[in-house]
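First up is the structure itself, then whatever we jot down about it.
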Amino acid sequence: MDDEGDHLLSPSHSPHRLGHARFGLHWTSSLIKSVLIPIFGGTFIVGYNLSSLNLPKTVVTDHFCDHSDCIDPIFWKAIVAVYAAGGFVGALSAALFLTRWGFKMPMLLSNALMIAACLLMSLSPHASVLFLGRLVAGCASGLSTVAVPMYLTDIAPTRIRGVVGGLSQLGVALGILLSQFLALPEVLGTIDLWRWVVFVPIGPSVLQLLLVRHFVESPTWLLLYADHRNQATEVLQQLRGMQHVESIVQIIEQNKAQVLAVRHAPTFKAAFQPSATRPLWVGAAVQAAQQFSGIFSIFYYSVSFLADRDIADPSVITIMVGVLHLIATVVGAVAIERTGRRRMLLLSLAGISVFYATLTATLVYAVDAMVAVSILSIIVAYGLGLGPVAFVLTTEIFTASSAPSAMSLCVAVNWLCGLIVIATFGACYDTLGAYAFTPFLGTCVLAGILVYLYVPETRNLGIEEIAWKIHEDSDNSVQPSRTLRQQLSVTPARSLRGSTSSEGSVATPGVTLTMEHGLSTAVITPLRPKFHA
């Protein structure tokens with residue numbers, strides 16, 4: 001087969017094919033459905049709600065003044081910020097749901113919460129009900145931002161794991177663009193129609209509930225947490241489009257003992273076991289860097305910045321910002337496997353830092369045209385790296401036993417940092433004026449240094465190798481599993497870092513180390529020509 005688990009067979013001669021439609025070397029119809037449905041019903045809605053109340057601010061406040069109670073500026077900021085507070089709560093709760101229910105049920109729970117939130121917001125008779133709806137929407141979104149990226153990483157073949165994971169942020173970018181478009185005064189951003197803007201997410205939420213049978217459960221959860229070996233095997237056969245998946249199942253089962261050891265422990269204990277400590281702070285730092293890059297302050301204030309300087313019509317600016325963000329995210333998601341996670345993070349953070357310096361200088365010297373160029377450049381630099389890579393990397397650095405709780409904590413840090421930025425940037429801008437973006441410049445420089453020093457490259461590596469790589473420069477406390485060492489004839493993993501092929505195997509004389517399903521397996525073979533899928 002042309003997938004990781006059967007690299008000795010040519011695609012055209014494999015006897016183990018199932019009758020699933022295939023679109024390219026790794027994409028089966030089951031994989032495509034299992035990727036697109038959660039993105040459309042999950043991260044797309046997250047992005048949509050991030051921007052849905054940004055532009056109709058005046059029409060929303062005027063509407064409530066005319067029909068019930070006026071919204072003072074402080075309460076309006078609370079309505080905007082409570083979405084991030086709900087996201088924090090939803091992300092923290094995700095660990096509890098993921099270990100007990102798997103991935104499909106939490107995603108469907110998120111949809112149910114989002115439906116309730118849309119009804120509250122669109123039918124709200126008072127501003128307090130709108131506030132409650134935003135809080136519920138935030139809880140739903142926090143749950144999605146943990147479940148969907150983890151799910152995508154789990155179901156994807158290793159060689160396209162980065163691309164599949166990056167698509168979750170593509171959903172966010174699409175949601176932001178659509179909400180920005182619908183909120184324009186020429187579309188739905190009016191006193192009479194603004195409620196339809198906040199009602200729209202009910203559509204994809206209902207659709208995912210209806211399509212629940214068309215995407216699969218996580219095979220790792222089925223095997224390690226639910227003890228459904230036969231069902232996990234069937235799911236892997238659907239995802240890979242092949243009959244012979246026993247080797248993949250055996251690789252996943254290597255983590256069984258670790259999962260059993262923490263299954264009945266307190267929810268977050270697994271995240272603080274020695275093997276997860278350093279990955280935890282690395283993941284939390286990357287998630288914090290995404291928010292402290294100030295990207296959403298750029299989204300929130302770019303329209304007013306550019307409109308106040310008469311550079312372009314606000315509607316044109318809005319669409320331009322959304323389209324550039326979408327295009328950059330597409331390019332970033334596609335390039336992630338070719339370029340590598342670490343390099344993309346470093347280049348993105350360097351670009352954002354440079355353009356923040358340029359933006360500060362142009363604000364100080366009132367060079368209006370360059371203000372526009374700097375703002376748009378920051379958005380492009382973010383979309384090309386920090387946007388898609390942060391979540392891909394965070395889902396890859398934890399083993400199966402610690403992933404649910406550790407990922408919940410890391411994403412909760414993301415939402416908390418976003419809440420801090422939303423709550424403080426307005427006062428920061430009023431105080432610092434043209435220098436308001438310098439704190440973001442400083443955090444991006446610091447994040448770049450941390451990434452350079454502590455973040456490994458995870459492309460084409462199995463989860464155990466990534467964990468060992470993160471620890472090898474400190475205390476070497478994480479070693480490949482005993483089963484894996486036995487497969488490698490107790491050969492130290494460092495000696496296996498030969499040239500990594502595009503197929504996801506490390507070429508070492510006499511050993512073929514193949515990455516499948518995020519884990520590593522080895523096949524001891526004679527030297528032979530490299531197989532090209």
Side-chain angles (χ1 to χ4, degrees), residues 1 3-6 16 18 20 26 28 30-31 34-35 38 94-107 146-158 161 164-165 212-213 215-265 267 270 273 275-276 395-408 462-467 480-484 486-487 504 514-522:
M1 56 173 283
D3 211 9
E4 296 93 332
D6 194 12
H16 303 297
L18 292 179
H20 298 285
H26 308 288
T28 63
S30 178
L31 178 61
S34 297
V35 168
L96 178 65
F97 298 128
L98 292 175
T99 54
R100 287 163 173 76
W101 295 353
F103 286 82
K104 291 180 72 171
M105 284 300 293
M107 286 190 278
V146 177
V148 175
M150 284 185 65
Y151 174 77
L152 296 180
T153 295
D154 187 65
I155 65 173
T158 301
R161 189 176 63 204
V164 172
V212 62
R213 294 182 177 274
F215 64 101
V216 299
E217 180 55 86
S218 157
T220 298
W221 180 82
L222 288 170
L223 194 58
L224 300 182
Y225 287 90
D227 297 319
H228 295 327
R229 195 179 197 277
N230 291 338
Q231 189 176 349
T233 301
E234 293 174 2
V235 166
L236 283 168
Q237 289 171 342
Q238 294 174 35
L239 291 171
R240 300 298 186 261
M242 53 179 287
Q243 184 69 39
H244 182 65
V245 294
E246 182 61 26
S247 61
I248 307 175
V249 172
Q250 292 175 0
I251 296 167
I252 301 174
E253 286 181 325
Q254 293 177 9
N255 289 265
K256 188 72 172 179
Q258 295 177 3
V259 171
L260 288 175
V262 299
R263 178 183 288 183
H264 301 296
T267 301
Q273 57 187 323
S275 62
T395 61
E396 293 177 327
I397 61 178
F398 301 110
T399 58
S401 60
S402 62
S405 55
M407 185 68 178
S408 290
I463 300 302
E464 289 192 2
E465 281 201 319
I466 294 170
S481 67
R482 182 177 180 182
T483 303
L484 180 59
Q486 290 172 343
Q487 287 178 322
T514 302
M515 315 308 168
E516 169 56 49
H517 210 75
L519 298 169
S520 308
T521 187

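In this structure, Leu224 CG and Ser218 OG are separated by 8.5 Å, a value rounded to the nearest 0.5 Å. How far CZ of Arg240 is from CG of Leu31: 7.0 Å, rounded to the nearest 0.5 Å. With values rounded to the nearest 0.5 angstrom, Lys256 atom NZ is found 14.5 Å from Gln250 atom CD. From Ile397, atom CD1 reaches atom OG1 of Thr153 across 11.0 Å, with rounding to the nearest 0.5 Å.
Judged by distance alone, with hydrogens and angles left aside, the side-chain atoms of Trp221 form no donor-acceptor pair with the main-chain N or O of Phe103 at under 3.5 Å.
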Show your reasoning for whether side chain to side chain contact (heavy atoms under 4.5 Å, CB included) applies to Met107 and Val148.
CA-CA 7 Å; Met107 286 190 278; Val148 175; 3.8 Å; yes
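Across every non-hydrogen atom of Ala156 and Arg161, the tightest pair is CB-CA, 3.9 Å. Across Ser30 and Leu239, no two heavy atoms sit closer than the pair OG-CD2, 4.0 Å. Among all heavy-atom pairs drawn from Val212 and Lys104, the shortest one is O-NZ, 2.8 Å. Nearest heavy atoms, Pro38 versus Val35: CD-O, 3.5 Å. Ala276 and Ala270 get closest at one heavy-atom pair: CB-O, 3.8 Å.
With Val235 as the partner, the side chain to side chain contact (heavy atoms under 4.5 Å, CB included) test is satisfied by one option alone out of Val245, Leu223, Thr220, Leu222: Leu222. When each of Thr28, Ile155, Leu152 is paired with Ser34, the side chain to side chain contact (heavy atoms under 4.5 Å, CB included) condition holds for Ile155 and for no other.
A heavy-atom distance below 4.5 Å is found between the side chains of Glu253 and Arg229. Residues Pro404 and Tyr225 are in side-chain contact: their nearest non-hydrogen atoms beyond the backbone lie under 4.5 Å apart. Inter-residue side-chain proximity for Pro106 and Val146 is flagged as unmet; no heavy-atom pair is nearer than 4.5 Å. Between Ser401 and Gln273, the closest side-chain pair of non-hydrogen atoms falls below 4.5 Å.
By the 30° and 60° cut-offs, the orientation of the rings of Phe215 relative to Tyr151 is perpendicular.
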